[in-house]
Amino acid sequence: MTGKGDTVKTNNTVVFQSDFGLVDGAVSAMFGVANAISPQLHLHNLTHEIPQFDIWQASYRLIQTVEYWAPGTVFVSVVDPGVGTDRKSVAVLTESGHYIVTPDNGTLTHVAKAIGITRRHEIEEAENRLKDSQHSYTFHGRDVYAYTGARLAAGLIDLDGVGRALPAQETVVYPSTPARLENGIIEASVDILDIRYGSLWTNCPRELFAELGVGRGGYVSVTITHHGRTVYGNDLKFGQSFSDVNVGASIVYINSLLNVGLAINQGNFARAHDVGAGTEWRISFRKTTTQEIS
Amino acid sequence: MTGKGDTVKTNNTVVFQSDFGLVDGAVSAMFGVANAISPQLHLHNLTHEIPQFDIWQASYRLIQTVEYWAPGTVFVSVVDPGVGTDRKSVAVLTESGHYIVTPDNGTLTHVAKAIGITRRHEIEEAENRLKDSQHSYTFHGRDVYAYTGARLAAGLIDLDGVGRALPAQETVVYPSTPARLENGIIEASVDILDIRYGSLWTNCPRELFAELGVGRGGYVSVTITHHGRTVYGNDLKFGQSFSDVNVGASIVYINSLLNVGLAINQGNFARAHDVGAGTEWRISFRKTTTQEIS
Amino acid sequence: MTGKGDTVKTNNTVVFQSDFGLVDGAVSAMFGVANAISPQLHLHNLTHEIPQFDIWQASYRLIQTVEYWAPGTVFVSVVDPGVGTDRKSVAVLTESGHYIVTPDNGTLTHVAKAIGITRRHEIEEAENRLKDSQHSYTFHGRDVYAYTGARLAAGLIDLDGVGRALPAQETVVYPSTPARLENGIIEASVDILDIRYGSLWTNCPRELFAELGVGRGGYVSVTITHHGRTVYGNDLKFGQSFSDVNVGASIVYINSLLNVGLAINQGNFARAHDVGAGTEWRISFRKTTTQEIS
């Protein structure tokens, strides 16, 4: 949508994410800073329930939401175990035309890989910092990120006003192995849990899975390993929606991000089988043969 | 306020409810879809902490809030255990002039009975679905309900634009027995718990209770049964507010929806006496006689 | 910023706080009441997760946020164990130009002491009450506070329209002892926990601590007592940000409100050492001598 060097007009909308929780005043202080910069801003939340310091999950929640907001929206994501270290504070522009203001600590992993980053500017904190906050060193979310994100969203500064340009391709990302198909077997990993429902969301895209040639109602042989140890192995039906299997039955399906998911209809797959998420949780799929089914 | 066939102008306000929780990006994706349709929309929450698949509670939370919002407000409620089944997706207009976009699975029970539904249209999903979402079958909240609710709220479509009209009186509702007074005894049920404070909220309206003739400070004989077994029986004071009894004492009072409630002043009645909510939790009230008190 | 008798123009913004939680419809009913008064209002949250009836914490969360919002913002805070008693309902104007609508039950303690209150008016409930709510006695948050706060924010009434003026200096506050330095030892208390991260936030301001003469990287002898019993005693490094010590190490630092805090870098100090907050949790600081360090 945009190319390197392009710019996208911001639209007065800021969406906040953090690991602060909602039990105290931290999120509200960030909202206040933004509102005081411009009462015209629309202030929204992604989530503030990222587990503390879980940068991977912050990265995933961005990819789960960013493209559903209008281009020009500014995201402020603050999961920042390294506050006070030399990790950089940046504002980036994505290929999809969205801005993200965040510590550059891996939070941009999924967005960089799946959407792409076209511009990346380091926040010049001497200029872009809440007035009179120079004695506060532990709450960059309020003093730097909310402040800068709000000014960007309100059009008071652009990326050049944020600070000097850095190479977009050097954005900090976590290493990860994409799903791959070999000899009729897909090797993938459990990227994240759909926490509330206990479903597994893998990094295997719909298109790759389609190459197995399993139609709706067909069967898939699923194996899950953790650090090499098999923790689950079963033949599961591939369905379109949970109701394609009975309540309490397991299903392989395409989730709302168009990747392969595993769920128990109205149950909790992760809890039922003690499965977690992360690169060490590997999952493989192959088409179940007719003999195996019968 | 409105009659069958009438219409009410929407007011750019959408209020969301779901059982998604706030720990991931699901709610924010719905907000993004709505915001991208029109940045003029005011987006708010009812709650997203409905226990998973608890349609009854979703229904109750609507009756607890709908009429406090201005007529023309659009509610989007997504508690949808049957996603992918043939449960209908509908948008309805209430007697009070509010719109509700929801799976028609019982979520409208309380609103249909206590407010009334004047119009009910089935969502024609071929037209009313987020662009490019045709491969997503598990997140109608984002792809269909938020999308349709936002377009309704922004005035881009009206109910006829949602889809064909269905008979309003065939809205799906759960069976329930209204409270009734016979021989000086009111038979009612515990409709729901005021979770945070542990109070019981019954389905006995203020006006029916008044027929017992118990004044402020008078006593009521209360019996609670579960599947026919008595779990609580006591004579309690009828007060106006919690402070009419000592801290730690129990009270019968009129709650904020003007039904009879039971509480412990600054305590938790439900936890203290292991009482739950639902049609199988029956409660009876009669006026305590003078001899019983003395 | 403002003097006694002055007035400050409200800015169409209401920020809500309560102990209601977000699991039911209570907060949304308050938002609905405000939105129905004026759709132009910007409605935001401080937090609704104040522990039930914990007025002290409500007071602290106000001081944590109020001044980050623009002057003219109206706060509605409802932690109200005394609903129905003769505790007063008030709207106040602070020295910083913010309005707070609340039961006058101690919720204003920190704001009164640290910011100052210039005007205080009692809510005349006969006039300032949601239409048709006269039979509801248990939800002043919706019927009185949200209603009055929204009308104030929308400019439909001013403080004189709220009700009669009361002496600002008689605002109800909890007793508390400010931190003090004597013979090289600071005696302070643990004002509150930074719940999510388990840090201790004391009532010792940065300036008082500076008088100990401990520079960045220097050591502080810390003693924590509970009802006179010592529960923690150690020499800790004074750092600027958590990363000044190793992950898992403890640190004394200046928090985001510019008071002294204690934390474990990426850990939980309160849980590690079973420390709570409140006036009975006393903490002392003195500069560690060179001999003690070596």
Side-chain angles (χ1 to χ4, degrees), chain B residues 11-13 15-17 21-22 42-51 57-58 60-73 75 98 192-199 201 206-207 210 216 239-245 247 251 253-258 261 263 265-268, chain C residues 12 14 16 18-45 47-55 78-87 103 105 130-144 146-147 150:
Chain B
N11 64 6
N12 274 315
T13 305
V15 180
F16 292 90
Q17 169 170 270
L22 294 167
H42 299 275
L43 306 177
H44 293 289
N45 294 311
L46 203 171
T47 180
H48 296 283
E49 303 296 343
I50 298 292
Q57 197 163 131
Y60 201 92
R61 298 313 173 194
L62 284 171
I63 199 70
Q64 190 183 354
T65 50
V66 162
E67 291 184 286
Y68 292 98
W69 290 82
T73 300
F75 291 79
H98 299 88
I192 206 154
L193 301 183
D194 184 9
I195 302 166
R196 182 92 163 177
Y197 299 90
S199 307
W201 284 13
R206 187 177 72 89
E207 295 84 356
R216 184 178 177 182
Q240 192 175 81
S241 190
F242 308 123
S243 56
D244 280 9
V245 297
V247 171
I251 183 173
Y253 70 107
I254 303 301
N255 72 13
S256 57
L257 298 181
L258 304 186
N265 185 12
Q266 297 187 34
N268 190 305
Chain C
N12 274 315
V14 188
F16 291 91
S18 76
D19 60 352
F20 301 161
L22 293 167
V23 298
D24 64 21
V27 170
S28 190
M30 293 198 296
F31 269 57
V33 165
N35 177 265
I37 284 170
S38 166
Q40 304 313 320
L41 292 178
H42 299 274
L43 307 177
H44 293 289
N45 294 310
T47 179
H48 297 283
E49 304 296 342
I50 298 292
Q52 284 155 65
F53 313 128
D54 190 337
I55 293 167
V78 192
V79 176
D80 193 16
V83 62
T85 67
D86 58 2
R87 62 94 183 91
N105 58 9
L130 182 64
K131 196 163 157 286
D132 295 330
S133 72
Q134 68 277 10
H135 295 298
S136 168
Y137 295 97
T138 59
F139 195 3
H140 281 198
R142 179 193 67 195
D143 301 332
V144 175
Y147 180 81

query: Under the criterion side chain to side chain donor-acceptor pair (under 3.5 Å), which of B/E207, B/Q240, B/R206 is the partner of C/H135?
result: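 Between C/H135 and the candidates, side chain to side chain donor-acceptor pair (under 3.5 Å) is satisfied uniquely by B/R206.
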field: Choice from B/E67, B/R61, B/H48, B/H42 maximising heavy atom contacts with chain C below 4.5 Å
entry: B/R61
statement: Scored by heavy-atom pairs under 4.5 Å with chain C, the best of B/A263, B/G261, B/S243 is B/S243
Could you check which of [options] has the highest count of heavy-atom pairs closer than 4.5 Å to chain B?
options	result
C/V27, C/V33, C/D143	C/V33
C/P81, C/S133, C/G25	C/G25
C/Y137, C/F139, C/F20, C/F31	C/Y137

Under 4.5 Å from any heavy atom of chain C - which part of B/V15: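 Just its side chain gets close to chain C.
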- prompt: Which answer fits B/L258, side chain, backbone, both or neither, if we ask what part of it has an atom under 4.5 Å from a heavy atom of chain C?
  reply: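 Answer is side chain: those atoms of B/L258 sit under 4.5 Å from chain C.
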For [X] and [Y], indicate whether the former's side chain and the latter's backbone hold a donor-acceptor pair under 3.5 Å.
X	Y	value
B/R196	C/V23	no
C/R142	B/S256	yes
B/T47	C/L22	yes

What part of [X] gets within 4.5 angstrom of chain B, counting heavy atoms only: side chain, backbone, both, or neither?
X	value
C/E49	both
C/D24	both
C/L130	side chain

task: Start with the C-alpha gap between C/S28 and B/Y68, add the side-chain angles, then the distance that decides, and say whether side chain to side chain contact (heavy atoms under 4.5 Å, CB included) holds.
output: CA-CA 9 Å; C/S28 190; B/Y68 292 98; over 6 Å; no
query: What distance separates B/H44 NE2 from C/N35 CG, expressed to the nearest 0.5 Å?
result: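 Reported to 0.5 Å precision, the distance equals 5.0 Å.
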- request: Describe, in one word, how the ring planes of B/Y197 and C/F53 are oriented to each other, choosing from parallel (under 30°), tilted (30 to 60°) and perpendicular (over 60°).
  value: tilted
